[in-house]
Amino acid sequence: MAASIKQYYQKFYKGSKKSCLGIIKDKLETGESCFVITANPEILMMGKRFPEMDQALTGKDTLLVPDGIGVIKGGAQLGVSFKERIPGVEICEELFAYADDNQKSLYLFGAGREVVEALVSRIRREYGGIVLKGYSDGYVSDKDEVFREIMSLEPDIVMVALGTPQQELLIQKHFAGVNKGVYIGVGGSFDVLSGLKQRAPSFFIRHNIEWLYRITKEPKRLKRFWDSNIRFLFELRKEKHGSGKAV
Ligand code: UDP
């Protein structure tokens, strides 16, 4: 049976972005494998629908970080507080800098070919210390095959940008066979990191309304956002008032 939202909240990393990065860097130094999930309410609700997502969210090697403001607001309703939001795109930028300074290896999997190639060019230009073990766009016919290749290459960092839940389900499917490396699902981050798409202006980021900016740019996101966030609020209320599964 799937964990409750409260149980996912117990699992969340609640400290600062800096200390969260410290944990990831430690994993990179020890070579331990780690599965980073940058979660929003939609991912948590998927844990209730897909057993594999539930396993991913609760796995012992999972580092669950609060990407969306909805996660932080939801936590406040349950009496759980977070130091700050930790957006996946910022983790990526920090990891590029760390990999550059420490000659760590990287594999990029996902997004359109033009996007991933633009990101590869940026990395080669700006982060010469990164050992780029390989890359693939996210529209290949056999994603499992790409994943098996990635595992055989054993990169230190693997960024998977296929969108939710595809990226988390794919990592979860193969993770038991991973010997080393930090695997992170990063959604649409390659579009931004490549420079081909703008992140929200800083006003939206500072006021935690980056989601609103994304909806104004891509109105088709509204239904998805609405559905998952409303269902999340209902679920939280249910658990808060005791009709959900106990922690
Ligand atoms: N994508 C992909 N392969 C697919 C479907 C999507 O590589 O089969 C990429 C897409 O090009 C985009 C990212 O996955 O770069 C999804 O971005 P989105 O912002 O929708 O992610 P989410 O909101 O789920 O985090």
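Indexing begins at 1, ligand by ligand and atom by atom, following the structure's order.
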R113 to ligand 1, any heavy atom closer than 4.0 Å: no
Atoms in ligand 1 flagged as close to R224, the criterion being non-hydrogen separation under 4.0 Å: 20 (O), 22 (P), 23 (O), 24 (O)
Geometric N/O contact A111 with ligand 1, under 3.5 angstrom: yes
Protein contact of atom 9 (C) of ligand 1 - nearest heavy atom, named by residue and atom, plus distance: A161 O, 3.4 Å
Closest protein heavy atom (residue, atom, distance) for atom 13 (C) of ligand 1: G187 O, 3.6 Å
Atom indices of ligand 1 within 4.0 angstrom of T164 heavy atoms, with elements: 24 (O)
Region of Q167 engaging ligand 1 - heavy atom pairs below 4.0 Å: neither
Within 6.0 Å of NZ in K73, more than 12 heavy atoms from elsewhere: no
Heavy atoms from other residues, nucleotides or ligands near CZ of R148 exceed 12 (cutoff 6.0 Å): yes
Heavy atom of E42, distance to ligand 1 below 4.0 Å: no
Nearest-neighbour protein heavy atom for atom 19 (O) of ligand 1, which is reported as residue plus atom name and distance: R221 NH2, 2.6 Å
Stepwise side-chain hydrogen bond (donor to acceptor under 3.5 Å, both in side chains) test for S19 and Y13: CA-CA 10 Å; S19 58; Y13 187 73; 2.6 Å; yes
Test item: side-chain donor near acceptor, K143 and Q166, under 3.5 Å: yes
Residues E42, R224: salt bridge by 4.0 Å N-O rule: yes
Side-chain ion pair, E32 and K27, N-O less than 4.0 Å: yes
SB check R199 E210 (cutoff 4.0 Å): yes
Region of K143 that comes within reach of ligand 1 [heavy atoms, distance under 4.0 Å]: side chain
Connected via hydrophobic side-chain network under 4.5 Å: V80 and M45: yes
Proximity flag Y139 to ligand 1, non-hydrogen atoms under 4.0 Å: yes
Sub-4.0 Å atoms of ligand 1 with respect to non-hydrogen atoms of R214: 19 (O)
Region of E168 engaging ligand 1 - heavy atom pairs below 4.0 Å: neither
For Q166, atoms of ligand 1 separated by under 4.0 Å from a heavy atom: 4 (C), 5 (C), 8 (O)
Option set G188, S136, S194, criterion heavy-atom distance to atom 17 (O) of ligand 1, minimum: G188
Residue, atom name and distance, where the atom is the protein heavy atom closest to atom 3 (N) of ligand 1: G138 O, 2.8 Å
More than 12 heavy atoms of other groups within 6.0 Å of K83 NZ: no
For G110, the ligand 1 atoms whose distance to one of its heavy atoms is below 4.0 Å: 7 (O)
Y127 reachable from V116 in the ILVMFWY side-chain graph, under 4.5 Å edges: yes
L106 side chain near Y135 side chain, heavy-atom distance below 4.5 Å: no
Winner among D191, N40, I43 once heavy atoms are compared against atom 12 (C) of ligand 1: D191
